Amino acid sequence: MGDLVDRVRGAAGVLDYLNLLLCLHFLRGAAPERFDSLAVRARALRTLDEAAQLLKDIGRATDEDMRGIGVHSSMLQALERLEPRTARDLGKVVEAIDCLTEDVFGLILDEYERQAALGSGEFFTPRAVVRLMTRLTCSPFNPDKPLSVYDPYARDGGFLIEASAFCASNGQEHALDAVPRTYGETRRADTWRLATMNLLLHGVAPSLDLKRTLPWQDSSGRTPGELFDVVLSNPPFNMTDPGREERREGQWAFGAPPVDNDNFAWVQYCLARLRPGGRAGIIMPNKAGNSSHKADRTIRANLVERGCVECVIALPAQMFTGTSVPVSVWILRPPTDPCDSTLFLNARHMGTKNGPRRTLSPADVEAILETHHAFAISGEALHRAQRTPDTPVPGAVVSRADLRRSDYSLNPLDHVERRHDGETDAAPALAHAQEQLAAAEAHLRQVQQTVDRRILDANHRVPAVYAAARPVPMVALSSLCEIQAGPSYSKLGKKQRTADGTVPVVFPRHLKDQRVTDEADERVTPDTARRLRAFELHDQDIVCVRSGAITQPALIQPSQTGWLMSPNIIRLRVSEQHAHKVLPEYLFHYLCLDETVAWMQDRAAATAAPSLRTDSLGSLRIPLPDPTVQHETVTALHHLDELDRAHRAVASCVRRTRTALADTLLTPRTRTAPDTPAHDRPDKETP
């Protein structure tokens with residue numbers, strides 16, 4: 001996904017290039033002999049005509065294989081639109097695909113989704129969520145018995161793939177012979193093709209049908225009315241407020257859903273496809289859990305009263321590419337196997353930021369599963385006491401009677417308390433916030449005493465300000481500094497970075513407030529750092545963003561000496577022969593000027609992808625007064641920077657103290673006595 005994207009696609013779209021990657025990876029896994037033949041030709045390409053013919057043959061080979069399993073494919077048309085600049089560029093793509101692992105198909109799908117946006121809220125389900133839902137629904141079954149698994153809205157086929165993998169091992173050291181029977185449906189031709197390719201590459205029989213109508217509107221199909229052990233799905237959300245009218249068509253066991261909103265239509269359809277003792281996992285928007293719409297409330301009430309809602313888990317926000325809608329996982333069971341209470345888990349605080357999205361790590365998934373298990377084995381005691389166990393995910397087991405009192409809300413945030421012990425957690429948090437505020441205010445007073453007040457006096461002109469008004473020579477930045485771009489991705493990519501490393505790597509996201517943060521969340525081993533010594537950072541080096549959003553540069557501090565710059569960073573270091581002419585801090589402050597940052601942004605935007613070249617940066621002309629004026633300028637700006645940081649630290653501490661105080665004053669403290677029977681509890685807590 002680097003320079004080859006533009007060099008191979010030409011005037012075609014990025015999606016056409018992604019289709020090339022998908023075709024090559026699919027052929028490598030599904031038709032290795034055919035791929036090897038194409039790879040040999042790719043290595044021998046000499047002319048653009050040969051490259052165009054190879055693209056046609058790649059598309060034709062993929063279409064033939066897909067048609068052989070009953071899937072209409074039009075990859076040939078997509079690949080014919082590509083216009084490689086050189087034959088060698090196409091050869092590089094084929095060579096790169098041949099070096100990648102089988103897991104890359106999922107990464108290509110992620111990029112396909114991001115580029116296509118896939119229309120109408122269509123987006124693939126994060127793999128961590130797929131894994132979580134699969135284990136929650138498949139674990140209760142006997143591992144020796146093959147399951148039947150159904151996804152009525154298959155998207156990329158992820159649920160069917162994960163269910164097959166889980167049932168094949170089920171946590172055992174050796175694979176079992178119990179292979180589940182999988183069946184899915186999809187309603188988009190492009191995702192039907194991609195899901196089928198994905199299933200084949202993972203060794204799952206592509207039992208996937210393309211349906212044009214919604215499932216409750218279509219009684220046709222090869223297995224009408226068939227029941228399954230497990231139903232897993234991420235159906236399309238309807239977040240618009242529905243009309244007050246209820247739909248008239250269809251058979252609805254729990255109540256007719258409102259017109260123009262299919263959320264509870266999908267819930268009822270998934271339940272209808274469950275055989276006795278089965279389990280369903282479905283992703284739903286949080287809004288569906290406590291919607292005030294009469295039809296929604298009626299359906300929720302019937303689901304609760306008939307014991308169909310086993311568990312609801314609130315997921316972190318921003319987990320999906322196509323939407324920021326907060327969602328929950330609903331684990332359902334048929335009314336023939338009812339439950340008396342519902343487990344609610346609040347996992348919204350979990351996960352880590354990964355670009356614009358939030359992702360759950362394997363450890364996060366395990367923590368949710370462990371919490372679910374902990375509640376399951378002690379659910380009766382928890383039901384009486386309404387307490388949260390010592391687990392990493394807050395939760396609560398809520399009785400049917402309590403759900404009635406909550407107007408049948410199925411939103412975990414309405415049931416899970418934010419604290420485990422109420423008042424015991426509030427006082428230390430507030431005391432700690434107050435200590436931090438006092439320390440920040442003391443530091444601010446200290447900084448204020450050291451600042452030369454004359455620089456804040458509008459009627460006083462300090463020498464540096466006066467001197468700056470005089471003409472000074474302008475020199476190119478390249479004549480003062482050594483300008484070094486970061487290492488290539490082949491030298492410092494994901495493979496070289498490791499959690500066991502000790503040497504931090506600086507990325508653009510670490511440049512904040514004119515400094516490099518100490519987050520150090522990317523590291524390499526000392527051996528790797530020695531091999532990349534040419535890209536080391538030293539005290540008073542200036543680092544700028546090379547590619548991506550161009551922001552203010554940062555000045556390296558003494559404690560950060562020996563860190564490495566990433567491929568997306570440019571380093572400026574004053575050369576030894578000019579050390580007597582220019583102060584690094586003076587250059588740094590000039591590069592932080594708004595107009596200088598705008599100049600760099602303009603040069604970066606002139607390229608196909610935003611990227612600041614070293615020669616462009618080196619052409620920047622810098623005013624160079626004598627060293628005395630530079631020193632006075634740096635001193636004045638340094639004082640104000642320190643004052644600015646001290647004021648912002650106080651403001652931040654004030655906000656934290658305010659939050660802690662509000663938590664202490666406004667959070668209810670009253671608790672129901674542990675041994676109070678559910679039927680004797682008051683409907684509302686006494687203030």
Side-chain angles (χ1 to χ4, degrees), residues 70-72 117-125 133 148-160 182-196 206-228 230-275 278 280-285 287-289 291 293 295-296 298-300 302-303 308 320 322-323 325 327-330 332 334:
V71 177
H72 174 71
L118 292 181
S120 303
E122 183 81 12
F123 45 85
F124 300 140
T125 311
M133 294 172 61
S148 56
V149 183
Y150 171 52
D151 184 351
Y153 202 91
R155 299 183 187 267
D156 65 341
F159 285 116
L160 305 180
T182 59
Y183 172 58
E185 296 171 358
T186 183
R187 282 157 183 82
R188 289 178 58 95
D190 52 355
T191 52
W192 179 43
R193 182 178 67 247
L194 298 177
T196 301
S207 182
L208 198 64
D209 284 347
L210 176 62
K211 298 290 187 68
R212 298 295 185 182
T213 59
L214 293 170
W216 49 87
Q217 297 174 344
D218 181 18
S219 60
S220 64
R222 60 181 189 179
T223 53
E226 181 181 1
L227 302 182
F228 298 87
V230 173
V231 177
L232 289 162
S233 193
N234 176 14
F237 300 157
N238 295 114
M239 289 308 300
T240 57
D241 291 325
R244 309 310 296 179
E245 182 183 357
E246 298 177 8
R247 67 184 70 195
R248 304 180 187 280
E249 80 284 355
Q251 300 293 321
W252 306 105
F254 300 89
V259 174
D260 299 328
N261 193 305
D262 293 335
N263 291 331
F264 282 101
W266 284 105
V267 168
Q268 296 190 68
Y269 178 75
C270 289
L271 280 169
R273 298 276 69 82
L274 281 181
R275 63 177 41 154
I282 182 170
I283 295 177
M284 291 287 285
K287 184 178 180 180
S291 165
H293 192 282
D296 288 350
T298 298
I299 296 170
R300 289 201 310 270
N302 290 329
L303 290 171
C308 295
F320 297 86
T323 179
V325 172
V327 301
S328 295
V329 170
W330 291 21
L332 308 172

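Treat the numbers as computed from the prediction; the structure is a model and nothing was measured.
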Between F254 and N302 the two heavy atoms that sit nearest each other are O-ND2, 2.8 Å
Just so I know, are the side chains of L271 and L303 near enough to count as touching, which here means a heavy-atom distance under 4.5 Å?
yes
Which class fits the ring pair Y153 and W266: parallel under 30°, tilted 30 to 60°, perpendicular over 60°?
perpendicular
So do I299 and W252 actually touch side chain to side chain, heavy atoms under 4.5 Å?
no
What are the two closest non-hydrogen atoms of V231 and L274, and how far apart are they?
CG2-CD2, 3.8 Å
Give me the one residue out of E226, E185, R273 that meets side chain to side chain donor-acceptor pair (under 3.5 Å) with Y150.
E185
Close side-chain approach of P235 to P152, heavy-atom, < 4.5 Å
no
Mind checking whether D296 and F264 have side chains closer than 4.5 Å, heavy atoms only?
yes
Between atom CD1 of I283 and atom OG1 of T125, what is the distance when rounded to the nearest 0.5 Å?
4.5 Å
Say you draw a straight line from CG of N261 to NZ of K287; how long is it, rounded to the nearest 0.5 Å?
8.0 Å
Restricting to non-hydrogen atoms, name the atom on M133 and the atom on I282 that form the minimum distance, rounded to 0.1 Å.
CE-N, 3.6 Å
Distance-minimising heavy-atom pair for R275 and S148:
NH1-OG, 3.9 Å
Please report the shortest heavy-atom distance between Q268 and P257, naming the atom on each side.
NE2-CG, 3.9 Å
Restricting to non-hydrogen atoms, name the atom on H293 and the atom on A295 that form the minimum distance, rounded to 0.1 Å.
ND1-N, 3.0 Å
